[in-house]
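Since the structure comes first, as structure tokens, the remarks are kept for the end.
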Amino acid sequence: MRSLELFAGAGGLAIGVSDAGFIHDSLVEMDRHAVRTLEINRAGGFSPYGGVSILEDDVRNISLGPFRGIDFVSGGPPCQPFSNGGKKNGNGDSRNMFPATVDIIKEIAPKAFLLENVKGLAQKSFGNYLEYVRLRLSYPEVEGSHDGSWEEHLLLLRQFHTSTAGRGLTYNVSIVWLNTADYGLAQKRERVFIVGFRSDINAKWKLPNPTHSEEELVRAQWVTNEYWESNKVPKKERLTDPDHRTNQVLRNLGECTNLRPWNTIRTCLSDLPPPSRKGKSRKFSLHEYQPGARAYKGHTGSPYDQPSKTIKAGVNGIPGGENMIRFYDQELRYMTIREVARLQGFPDEYHFVGSRTAIMRQLGNAVPPDIARILAGSIKRSLEECEI
């Protein structure tokens, strides 16, 4: 099945979509550093990008003719308009690319699409706009007036939704929320995903079930000690004082489940050597020590024996404390680029282009490849079941 990737960034979503079995026609991205990242990996023979066209352009400028009838569209429209770390201007932010995404879906009519955004999009303050996004994607051919507001367009879409008028191109749209730690990523990354299937296909889809849980991590650390023993952690380096959250989980801990414990920074980075302090690491690229880590209010780092906090791009680059590791003795250290890439699920052989700030921005904006693979894989299976 053919796919088109919009807002490709550093390629996290594109990797997962390819791993799920879709074949990319093109990746579209306008940030020059991210484009160079895609190109250097394609030149190096990275298999998901074999034969793929990489378009360095605004998605509003690309010619859509070659993509009409494509099976699948995926992308992460810029999230800053809805981010808790941003200014929350929503539809009033010039970086809001949902309207452009709808226009592309209307023109090429894919069988299905997958879009990603920050959890802020699901906040109460954006409730009406989220409904607008859902209805706009459900009925992409229902246009608003050129000089009207999105609120006026929403009223029109609501009326159309309840009418018996001819439908034209329509989609069945699901909006789901997930925490990536529940699906095996060593990172507490909460994101909204929008999944749509063209109505004439009549596909059946639901969000895949979680595979990991916080409760099982707490059990392994504080009840059975299996976590410490399997990771060969000396007793003097084990946690001895559960924090408030852990105590809450312990009080409500039920019977064992078939879910696996959340992965942690320790389990994710266990086979990486310490960061190089003498220039570039010979074995792992972008794994150099970064000095200057310190804690301050609101920026205390990510505990080593928990999934990391959300890896962020930040409004002005790297946040001051979110990309730090806090070890058992409270020592702090900045994560290396390679460690951040690991926590986002990128393979170690994946290359990134740009300054540290530019690369961290690419990583903070990326969709973790493993999460993309799980979701895109479930969409592909639903499409295949409709073809039987």
Side-chain angles (χ1 to χ4, degrees), residues 179-190 210-278 281-284 287-311 319-345 348 368 370:
N179 182 343
T180 59
D182 292 335
Y183 292 85
L185 203 71
Q187 181 187 163
K188 301 172 187 176
R189 189 178 187 88
E190 298 170 320
T211 54
H212 296 66
S213 81
E214 179 183 18
E215 290 77 9
E216 293 307 318
L217 175 62
V218 169
R219 191 191 312 278
Q221 289 181 335
W222 298 97
V223 179
T224 68
N225 287 322
E226 182 180 350
Y227 173 85
W228 309 108
E229 292 166 4
S230 63
N231 286 289
K232 300 179 180 179
V233 180
K235 288 187 177 180
K236 65 179 182 179
E237 296 181 13
R238 300 179 184 182
L239 300 176
T240 57
D241 186 19
D243 60 19
H244 177 70
R245 173 61 189 173
T246 301
N247 275 321
Q248 280 186 319
V249 176
L250 280 169
R251 283 195 297 269
N252 296 294
L253 202 61
E255 297 295 324
C256 289
T257 68
N258 61 354
L259 299 177
R260 285 167 278 177
W262 272 356
N263 280 312
T264 66
I265 298 175
R266 182 191 294 273
T267 57
C268 180
L269 306 182
S270 61
D271 62 337
L272 276 177
S276 172
R277 291 175 180 256
K278 299 179 181 179
S281 169
R282 292 183 178 180
K283 186 175 181 181
F284 293 94
H287 190 47
E288 290 80 47
Y289 175 78
Q290 180 78 10
R294 65 182 182 86
Y296 53 91
K297 187 176 181 180
H299 295 275
T300 56
S302 294
Y304 192 46
D305 290 300
Q306 286 285 320
S308 78
K309 298 176 181 178
T310 302
I311 302 298
E322 299 302 330
N323 298 336
M324 297 188 302
I325 300 174
R326 188 172 81 244
F327 294 94
Y328 77 97
D329 58 0
Q330 304 305 304
E331 178 187 353
L332 292 168
R333 174 174 66 72
Y334 277 122
M335 299 174 189
T336 68
I337 291 172
R338 183 52 55 195
E339 288 172 331
V340 174
R342 272 274 186 104
L343 291 167
Q344 276 283 64
D348 289 339
D370 287 346

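As a basis for the values below, the full set of heavy atoms in this structure was taken, side chains included, without hydrogen atoms, waters or symmetry mates.
Counting only heavy atoms from C-beta outward, the side chains of Q344 and R189 approach each other to under 4.5 Å. Counting heavy atoms from C-beta outward, Y183 and D370 have side chains that stay 4.5 Å or more apart. The closest side-chain heavy-atom distance from M335 to P275 is not below 4.5 Å. With contacts defined as side-chain heavy-atom distances shorter than 4.5 Å, the pair I325/Y334 does not qualify. Taking the side chain as every heavy atom from C-beta outward, K188 and Q306 approach each other to under 4.5 Å.
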Check the pair W222 / L253 against side-chain contact (heavy atoms from CB on, under 4.5 Å), numbers first and verdict last. CA-CA 11 Å; W222 298 97; L253 202 61; over 6 Å; no

Could you check W262 against D182 for side-chain hydrogen bond (donor to acceptor under 3.5 Å, both in side chains), going step by step and ending with a plain yes or no? CA-CA 7 Å; W262 272 356; D182 292 335; 3.0 Å; yes

Are Y289 and R333 close enough, and set up right, to give a side-chain contact (heavy atoms from CB on, under 4.5 Å), and what steps lead you there? CA-CA 8 Å; Y289 175 78; R333 174 174 66 72; 3.9 Å; yes

CA sep, side-chain torsions, deciding dist, call: K235, T240, side-chain hydrogen bond (donor to acceptor under 3.5 Å, both in side chains): CA-CA 9 Å; K235 288 187 177 180; T240 57; over 6 Å; no

Before giving the answer on side-chain contact (heavy atoms from CB on, under 4.5 Å), spell out for S302 and M324 the whole-Å C-alpha distance, their side-chain angles and the decisive distance to 0.1 Å. CA-CA 6 Å; S302 294; M324 297 188 302; over 6 Å; no

Please evaluate residues T267 and Y227 with respect to the criterion side-chain hydrogen bond (donor to acceptor under 3.5 Å, both in side chains), reporting the C-alpha separation (whole Å), side-chain torsions for both, the decisive distance (0.1 Å), and the verdict. CA-CA 9 Å; T267 57; Y227 173 85; 5.6 Å; no

Derivation and outcome, side-chain contact (heavy atoms from CB on, under 4.5 Å), residues E190 and T310: CA-CA 8 Å; E190 298 170 320; T310 302; 5.9 Å; no

Using the rule given for salt bridge (charged side-chain N to carboxylate O under 4.0 Å, His left out), can you reason through E339 versus R342, listing the C-alpha separation, both sets of side-chain angles and the distance that settles it, and then say yes or no? CA-CA 5 Å; E339 288 172 331; R342 272 274 186 104; over 6 Å; no

What do the steps show when you test Q290 against T336 for side-chain hydrogen bond (donor to acceptor under 3.5 Å, both in side chains), and what is the final call? CA-CA 7 Å; Q290 180 78 10; T336 68; over 6 Å; no

Please lay out, stage by stage, how R245 and E214 fare under the test salt bridge (charged side-chain N to carboxylate O under 4.0 Å, His left out). CA-CA 10 Å; R245 173 61 189 173; E214 179 183 18; 2.6 Å; yes

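N231 contributes no side-chain N or O that, together with a main-chain N or O of V233, makes up a donor-acceptor pair within less than 3.5 Å. At least one donor-acceptor pair closer than 3.5 Å links the side chain of R219 to the backbone N or O of E255. Between the side chain of H287 and the backbone N or O of P273 there is at least one donor-acceptor pair closer than 3.5 Å.
Within 6.0 Å of CD in E226 there are 12 or fewer heavy atoms belonging to other residues, nucleotides or ligands.
Within the model, atoms CZ of R338 and CZ of F284 stand 8.5 Å from one another, a figure rounded to the nearest 0.5 Å. One finds the CD atom of Q221 at 4.0 Å from the CG atom of L217 (value rounded to the nearest 0.5 Å). Atom CD1 of residue I265 and atom OG of residue S270 lie 12.5 Å apart, to the nearest 0.5 angstrom. A distance of 10.5 Å separates CD of E237 from CZ of F327, quoted to the nearest 0.5 Å. In this structure, the separation between OG1 on T246 and CG on L239 is 8.0 Å, given to the nearest 0.5 Å. The distance from atom OG of S308 to atom CG of N323, rounded to the nearest 0.5 Å, is 8.0 Å.
Across all non-hydrogen atoms, the minimal contact from A295 to T300 is CB-CA, 4.3 Å. Nearest heavy atom pair, residue I311 against residue Q187, reads N-OE1, 2.9 Å. The nearest pair of heavy atoms linking D271 to C268 is OD1-O, 4.3 Å. Shown here for L259 and S213, the closest heavy-atom pair between the two residues is CD1-CB, 3.7 Å. The two atoms that bring A186 and T264 nearest to each other are CB-O, 3.5 Å, heavy atoms only.
At least one test fails for R266 against the ring of Y304: distance under 6.0 Å to the centre or angle within 45° of the axis.
Relative orientation of the Y296 and H299 rings is tilted, given thresholds of 30° and 60° on the angle between their planes.
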